[in-house]
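Take a look at the structure below.
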Number of protein chains: 2
Amino acid sequence: MSPAPGGNGAGGRAKRPTMVDVAREAGVALRTVSRVVNDDPTVGPEYVTKVRAAIAALNFRPDERARQLRTGITGTIGAAVRRIAELNPALAAIEQSARASRLTLLASSTDFDASREHDILVSMCRQRLDGIIVEPFAENHAYLQPEIEAGMPMVAMDRPMSGVAVDCVMSDNASGIGMAFHHLHQHGHRRIAYIGDSERVFSGHERASAFRAALVAHGQSVTGLVHPGDITGERVGASLEAALGGPDPATALVTGNMDSTIAVLRRLGPQAASRLAIVGFDEVPLADLLQPALTVVAQDTAAIGRTAVELLRERIADPSRPVQNVVIPVSLTTRGSGEVPAPAVSAQ
Amino acid sequence: MSPAPGGNGAGGRAKRPTMVDVAREAGVALRTVSRVVNDDPTVGPEYVTKVRAAIAALNFRPDERARQLRTGITGTIGAAVRRIAELNPALAAIEQSARASRLTLLASSTDFDASREHDILVSMCRQRLDGIIVEPFAENHAYLQPEIEAGMPMVAMDRPMSGVAVDCVMSDNASGIGMAFHHLHQHGHRRIAYIGDSERVFSGHERASAFRAALVAHGQSVTGLVHPGDITGERVGASLEAALGGPDPATALVTGNMDSTIAVLRRLGPQAASRLAIVGFDEVPLADLLQPALTVVAQDTAAIGRTAVELLRERIADPSRPVQNVVIPVSLTTRGSGEVPAPAVSAQ
DNA sequence: ATGAAAGCGCTAACAA
DNA sequence: TTGTTAGCGCTTTCAT
């Protein structure tokens, strides 16, 4: 009711009250305030009342930083992903799981930049977060070995890390590519091309390799059909020409990730996809509104995020357990673009 | 070279070395280690060498939490937005600006839930972040008054906050709606309907009001043309029927935000938009790949995010400066859907 | 240029 | 059940 004593006048930068102030105001010991704040049941009801009143009178808010320093745990896990603020269902799942475990999530964008990733991970380690989920980008992470040895729990998502042994969760890339290929093959296509991310990227390599394997398994030549590389308009355009031009053009296309799919659609122009069968790896926003609607191999992003948090919590609980490697199944979502039939064979 | 002393054996949870350990290892005072860690130039070169060596030998990493407790600043700002992990260019801009100012960003999803928003904001206050950017959702934020009085810098984004006086940055909603209406009017449309978010939402209210004002300014009746409400398939479907059915159907549509636009497109089905002129408020992912490509009123999300960080930094620097209110202009991006001409008047 | 010692605000042994 | 006291790991006066 009465305004807080202690020079809380208007305008000036008020000094926040601490537990000591609350204790004085309530006429109890510091320890009692701490107990009340932490809902310790062994405090007498009248003390609880007095302390609560003092807390309200002073507008006291405990300083989480001091608590963290003292207890050694931050209640926060970090997520170093390529992009926050872009559609990232795995990150959404991580946030949800973290919240369910009463953990704060500190998410940062590594932004496809190894040095940024380095800075973020080092900073997270200095903050002594309870654990870190990372979607690795850099080639080598040996510099993290001391941190891991010092007990910093870490989980890799989407890609494994090299140079350190950490738990990892990722999609079954090979199966997904197999599904896409098989689906198009079943719809009569015999010339199926692949356009995807650079093989320098782990998943780009896995997917391109799996596609080559599928071609070989169907007794086909790999020549001219597999086009990994950077996702730029020009590169994708050139790959498209290579795949769709020539004497024996592809009648169907597998795109290796969301960005490739979008780049291909942009390059082909509206409705060009109705002449060509397309199956994309990764879900695409508004895939149902395109024409034809896009058939995709969908990753179980919710499971990936959930599993990442699970692995991290298990690692926190038992730092010495053996390293786990979890592979999450993918699934095919048919919407139209993958069911375009192969054109009847005319001549050759 | 030699392994760190102090029981760093394999398997066990190693205790991290502190500055005290480094000081002992280097044979210097604690204070000197602190100086070296903080690049204080007044340290003798040979001391620097010794300390660096000890740091490397022990794999010492300073504990950011202790530093924060002691200095009082965290170097971290919070962002409580509706959704991270979804396309959110304003959040991306915030992250970029924060990084440019060497600030860590702690982003959390309030997820369209007032109690979640409350928990997140309270938690950020307890963590004594250097400042908070919030995309307010709850009706009233008076509970934050004590925090603001205690010196917690805060900036509202996209919507103002009620119950507290804080800086605010948002788009020029009224102009945007005016642009959309005017654009359609210029293309010959005389029956233009609006479907948007609920008027309980601040921007929903602003935009619906502006649309009514536009109708009135053009001497038209408001009846049956303005449809704010929750964004669900059924509600949007009903609003569409009301607007497009009847004796005098609308020939053009303004949608009030991204979700309304997408809901309308889903409801109308593919290519239905080629019979109806549509201008959406907010950019839509892959808007260029739809048919017809989508004409939208685009918010300058980059400017919004940048300004939010700017306002926050200024507030941190000068807690007593007057509250600022910044309105960011919007712009029209024509792609096709808004340029569908009005059908020739047949009878009536 | 370097060091000794006092805290930042909280929790956790240990006493009473 | 409540209080006393010693830190968590760092920065920072103040001496030297």
Side-chain angles (χ1 to χ4, degrees), chain A residues 6 13-52 54-55 58-75 123 125-130 150-151, chain B residues 6 13-52 54-55 58-75 123 125-130 150-151:
Chain A
R13 190 196 283 267
K15 189 201 169 300
R16 278 181 177 274
T18 72
M19 277 195 182
V20 179
D21 301 317
V22 175
R24 186 178 25 238
E25 171 87 5
V28 301
L30 172 59
R31 184 69 181 90
T32 304
V33 178
S34 173
R35 287 199 172 98
V36 170
V37 166
N38 292 287
D39 294 317
D40 187 320
T42 74
V43 186
E46 60 275 42
Y47 281 82
V48 174
T49 313
K50 275 198 290 185
V51 172
R52 290 248 160 85
I55 287 175
L58 299 179
N59 276 319
F60 166 76
R61 301 283 178 275
D63 187 328
E64 186 61 25
R65 294 169 303 182
R67 180 194 164 80
Q68 288 176 13
L69 179 60
R70 182 60 235 237
T71 61
I73 65 178
T74 60
S123 159
C125 289
R126 285 166 90 116
Q127 290 190 65
R128 302 291 194 270
L129 300 188
D130 291 356
Chain B
R13 191 196 283 266
K15 189 200 169 301
R16 278 183 178 273
T18 72
M19 277 195 181
V20 179
D21 300 318
V22 176
R24 187 177 25 237
E25 172 86 5
V28 301
L30 173 59
R31 183 69 181 87
T32 305
V33 178
S34 174
R35 285 198 173 99
V36 171
V37 165
N38 291 288
D39 293 318
D40 186 320
T42 75
V43 187
E46 60 275 40
Y47 281 82
V48 173
T49 314
K50 274 197 292 186
V51 171
R52 290 250 161 84
I55 287 175
L58 299 179
N59 276 318
F60 167 76
R61 300 283 178 276
D63 187 326
E64 185 60 26
R65 294 170 301 184
R67 180 193 165 80
Q68 288 177 12
L69 178 61
R70 182 59 232 238
T71 63
I73 66 180
T74 59
S123 158
C125 289
R126 285 166 90 117
Q127 290 190 65
R128 301 291 194 269
L129 300 187
D130 292 355

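Lettering of chains follows the sequences in order, A, B, ..., and the numbering in each one begins at 1. Because only heavy atoms are used, hydrogens play no part in the values below, and waters and symmetry mates are left out as well, while side chains stay in.
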Item to complete: Only one of A:Ile73, A:Thr74, A:Asp130 passes side-chain contact (heavy atoms from CB on, under 4.5 Å) with A:Gln68; say which it is.
Response: A:Thr74
Fill in: Length of the line joining B:Arg24:CZ and C:dA4:C1', which is rounded to integer Å
16 Å
Fill in: Separation of atom CD in A:Gln127 from atom P in D:dG9, rounded to whole Å
17 Å
Discussion item. How many whole angstroms separate atom CZ of A:Arg128 from atom P of D:dC10?
Written reply: 7 Å
Worksheet item: Between B:Asn38 (CG) and D:dG9 (P), how many Å, whole number?
Response: 17 Å
Fill in: Separation of atom CD in A:Gln68 from atom C1' in C:dT11, rounded to whole Å
13 Å
Worksheet item: Where the side chain of A:Asn38 meets the backbone of A:Asp40, is there a donor-acceptor pair that is under 3.5 Å apart?
Response: no
Worksheet item: Hey, does B:Glu25 have a side-chain heavy atom less than 4.5 Å from the side chain of B:Val22?
Response: no
Discussion item. Taking the minimum atom-to-atom distance to the side chain of B:Tyr47, which one of D:dG3, D:dT2, C:dG3 wins?
Written reply: C:dG3
Discussion item. Please determine whether a side-chain nitrogen or oxygen atom of B:Thr32 lies at a distance below 4.0 Å from atom OP1 or OP2 of C:dT2.
Written reply: no
Fill in: Between P of D:dC10 and CZ of A:Arg67, the distance in whole Å
21 Å
Discussion item. Given 3.5 Å as the limit, does a donor-acceptor pair link the side chain of A:Arg61 with the main chain of B:Arg128, or not?
Written reply: no
Worksheet item: NA contact type, B:Val43, heavy-atom cut-off 4.0 Å: base, sugar-phosphate, or nothing?
Response: sugar-phosphate
Practice prompt. Between A:Leu69 and B:Pro45, just flag the one whose closest nucleotide in DNA chain C comes earlier from the 5' side.
Written response: B:Pro45
Discussion item. Can you give me the closest heavy-atom contact between B:Val37 and B:Pro62, atom names plus distance?
Written reply: CG1-CG, 4.1 Å
Worksheet item: Within the structure shown, what part of the strands sits under 4.0 Å from B:Val28 by heavy-atom distance: base, sugar-phosphate, or nothing?
Response: sugar-phosphate
Practice prompt. Look at all strands and tell whether A:Val37 reaches a base, only sugar-phosphate, or nothing, counting heavy atoms closer than 4.0 Å.
Written response: nothing
Worksheet item: For the side chain of B:Ala29, counting heavy atoms from C-beta on, which of C:dG3, D:dT4, C:dG9 is nearest?
Response: C:dG3
Worksheet entry | Position toward the 5' end of DNA chain C (nearest nucleotide), B:Thr42 or B:Ala66 | B:Thr42
Worksheet item: For B:Ser34 and D:dC10, is the shortest distance between a side-chain N/O and OP1 or OP2 below 4.0 Å?
Response: no
Worksheet item: Is there a donor and acceptor pair closer than 3.5 Å between the side chain of A:Arg70 and the base of D:dG7?
Response: yes
Worksheet entry | Atom-to-atom span, CD of B:Glu46 to C1' of C:dA1 - whole angstrom | 10 Å
Item to complete: Report the distance from atom CG of A:Asp39 to atom C1' of C:dT11, rounded to the nearest whole Å.
Response: 15 Å
Worksheet item: Quick one: does B:Arg35 reach the base of C:dG3 with a side-chain donor-acceptor pair under 3.5 Å?
Response: yes
Worksheet item: With a 4.0 Å cut-off on heavy atoms, is A:Arg31 in touch with a base, just the backbone sugar-phosphate, or nothing at all?
Response: base
